[in-house]
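Here the structure is laid out as structure tokens; the discussion comes afterwards.
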Amino acid sequence: MEESRSAPDGPAVRTTPAPARRPPAAPRPTAHPLPWLALTGAAFTLLQLVLVVPGTGLGWDETVYASQVARDVPAAFFSAPRARGITYLIAPVASLTSATTALRLALAVLSGVGLWAALRVWRPLLPTRVLVLAGALFATLWITLYYGPQVMPNLWSAYGALAATGCFLRSVRDRTDRRALVGLPLAVAVVALMRPPDAGWLVLVPAAAALAVPRWRRPALVVLLAAGLLLGAADWIVEAYTRYGGLLARLDRAAEIQGGIGWHPALDDQIRSLDGRGLCRPCDVPWSHPYTAAWFFALPLLTAIGIRVAVRARRPATAVLPAAVAVALAVPYLFLIDYAAPRFLLPAYALLSLPAADAVWRAAAPGGRFRPRATALLAVVLAAHLAVQGAVLTGNTARNRHMRADFTAAADALHARGVRPPCVLSGDHAVQLAYYAGCSSRQTAGPDASTTPGGLRAAAARRPVALLVPPGDAAPAFARDWRPVPLTDSGLFRGYRAYLPPAQRTTAGRAPAAR
């Protein structure tokens, strides 16, 4: 509607009123970003459930750890180097059932959650895309996948080291980050609970940085690191005084069992073991599959590139500190023991995955835009890498399933001979077979010595006892009058004999459930 008004010195002028202001439009709801880190952990769990969990059995070390808390299996001898952290983790499940599949399922789920939690610590420090790629690179190593659902402490030590390093960086960057201040000693405690020596090497670099780097100088962080170390290792230390006569005595015994701690370069042993050897001791085997270690040789280069990328992005600490901590954690396993196991380096691999992912992402998408040629080339390289990791993993899981079948058959043979719970096994493979058979294991010599020949003969008067002797070996003197019976005619125990005391009955009965 138009209005008219009179100009001061002229005719009337028509005017149009200004349109009424509309209220500001409500902002459109933005889509919630996908929980990429949680999806990474879930994918890790799914891969384990598909590729590793079905049909696999417990290895020797696993049976030692699991037997400490299993409901219906006697505890195996627990030697000086071992820590009880992993037994506490599986205790809620193992106290209900000693079934291997149940333990595998629980650990597969927990390891996926652990990967998510360790990466989540780094979210304020690194872009999500880098963290997701780092998690994918680490989680698809055959070593990580194979040990994810296993009753072994090394992966959990890796998660603790990754989280502790991230919490330290967050603490020195923002002194008001309370979550980081609480998380730092807790993450160190996880490592100390799982593997006390790893925790000792872990705290060296951040403690030195908190004292020596001017911008990071916070002596309080050294106190938190020490508190986490003591908190996690308290159980191990107390046990040292109650069972071994002191901390130094336990350390000496642990070093003796490990072949002595000293200058023993084992870098080449670790490289040879990457073709699927769980333990290379002694590692005098030929290096028959060099391509399985290609990524190992590429890792230092990717780390160096990742450090350069982080420097250009003005966040050098996010690459330099993880690399330094990884080196510290790797030193004892590369230079101080004379054998190799790929799982020992899992904490170092977890930390180095961060700068490596930074390098890979930079090569594929500098400035945030993907370069088609570089991306295609990287995709081919990563596909080849994954194919190699999958092949090694497939071979390992197949051998593990055969191993489970062999031990189950041997346990059934013992049950058929009357060696049934409560029973005692001694001799070659006795520790592992005892778990499958539901027996106790007692050795008269070696690092697991827990009885004497006289003690074993005395036990035979009260319960079924079997002494396992491999083909070609003679029974020890104290068992020369015992009766040899064959175990199985195929598999790992082909040619093995179980020596039974003369008076022991061999009536068969109902066997325990398969594990």
Side-chain angles (χ1 to χ4, degrees), residues 43-44 47-48 50-53 56 59-61 111 115 133-150 152 154-155 157-158 264-306 326-327 329-335 337-357 359-360 363 377-403:
F44 180 45
L47 287 174
Q48 295 175 62
V50 172
L51 300 176
V52 183
V53 171
T56 55
W60 178 53
D61 289 290
S111 61
L115 179 63
L133 183 55
L137 291 174
F138 178 64
T140 52
L141 291 175
W142 75 260
I143 313 162
T144 314
L145 278 169
Y146 188 67
Y147 287 102
Q150 288 209 8
M152 297 292 283
N154 309 87
L155 182 61
S157 180
H264 300 294
L267 178 60
D268 58 331
D269 296 344
Q270 287 288 350
I271 293 170
R272 285 198 296 273
S273 69
L274 291 176
D275 66 356
R277 303 177 194 279
L279 181 65
C280 204
R281 184 180 190 183
C283 204
D284 52 2
V285 296
W287 191 24
S288 53
H289 301 97
Y291 58 87
T292 59
W295 67 271
F296 186 89
F297 292 104
L299 191 56
L301 176 61
L302 289 174
T303 300
I305 297 173
V327 170
L329 285 165
V331 162
Y333 302 116
L334 294 179
F335 302 107
I337 60 175
D338 63 352
Y339 63 96
R343 65 181 183 272
F344 291 163
L345 296 182
L346 278 171
Y349 297 149
L351 287 160
L352 294 179
S353 68
L354 297 174
V360 171
L377 178 60
L378 281 172
V380 171
V381 172
L382 289 175
H385 167 69
L386 292 177
V388 172
Q389 298 304 305
V392 178
L393 178 67
T394 300
N396 267 27
T397 53
R399 287 190 293 272
N400 183 289
R401 293 182 181 110
H402 287 304
M403 176 271 297

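Residue numbers start at 1 and run along the sequence shown. Everything numeric in this text was worked out from a predicted model, so none of it was measured.
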So, for [X] and [Y], which heavy atoms are closest and what is the spacing to 0.1 Å?
X	Y	answer
Cys280	Arg277	SG-CD, 3.8 Å
Gln389	Thr292	NE2-O, 4.5 Å
Leu274	Trp142	O-NE1, 3.1 Å
Ala356	Leu137	C-CD1, 4.4 Å
Val360	Leu378	O-CD1, 3.6 Å
Leu145	Ala139	CG-O, 3.2 Å

Nearest-0.5 Å distance that lies between atom [atom1] in [X] and atom [atom2] in [Y]:
X	Y	atom1	atom2	answer
Ser111	Leu155	OG	CG	6.0 Å
Leu354	Leu133	CG	CG	10.0 Å
Leu382	Leu377	CG	CG	9.5 Å
Leu386	Thr140	CG	OG1	5.0 Å
Thr397	His402	OG1	NE2	9.5 Å
Leu351	Leu345	CG	CG	12.0 Å

- Task: Examine distances only and state if a side-chain atom of Thr394 and a backbone atom of Gly390 form a donor-acceptor pair shorter than 3.5 Å.
- Result: yes
**Request:** Examine distances only and state if a side-chain atom of Arg343 and a backbone atom of Tyr147 form a donor-acceptor pair shorter than 3.5 Å.
**Result:**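 Flag not set: sc Arg343 to bb Tyr147 has no pair under 3.5 Å.
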Using the side chain to side chain contact (heavy atoms under 4.5 Å, CB included) definition, which of the options Leu51, Thr56, Val52 pairs with Pro149?
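Going through Leu51, Thr56, Val52 one by one, the side chain to side chain contact (heavy atoms under 4.5 Å, CB included) with Pro149 is satisfied by Val52 alone.
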query: Mind checking whether Trp295 and His385 have parallel, tilted or perpendicular rings, split at 30° and 60°?
result: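 Geometry flag for His385 against Trp295: perpendicular rings.
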- Mind checking whether Phe297 and Trp287 have parallel, tilted or perpendicular rings, split at 30° and 60°? tilted
Note to self: side chain to side chain contact (heavy atoms under 4.5 Å, CB included) for Ile143 and Tyr349? Distances and angles first, verdict last.
What the structure shows: CA-CA 10 Å; Ile143 313 162; Tyr349 297 149; 3.8 Å; yes
Checklist entry - Do the side chains of Leu329 and Phe344 get nearer than 4.5 Å, heavy atoms only? => result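 Phe344 vs Leu329: side chains apart.
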Starting from the C-alpha separation in whole Å, work towards a yes-or-no answer on side chain to side chain contact (heavy atoms under 4.5 Å, CB included) for Phe138 and Leu115. CA-CA 10 Å; Phe138 178 64; Leu115 179 63; 4.3 Å; yes
(Q) Side chains of Asn400 and Tyr146: any donor to acceptor distance under 3.5 Å? (A) yes
#### Entry: Residues Gln270, Tyr333; criterion side chain to side chain contact (heavy atoms under 4.5 Å, CB included); working and verdict
CA-CA 8 Å; Gln270 287 288 350; Tyr333 302 116; 4.2 Å; yes
- For Arg272, salt bridge (charged side-chain N to carboxylate O under 4.0 Å, His left out) partners two or more places apart: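 Arg272 satisfies salt bridge (charged side-chain N to carboxylate O under 4.0 Å, His left out) with Asp268, Asp269 only.
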Could you check Asp275 against Val392 for side chain to side chain contact (heavy atoms under 4.5 Å, CB included), going step by step and ending with a plain yes or no? CA-CA 6 Å; Asp275 66 356; Val392 178; 5.7 Å; no
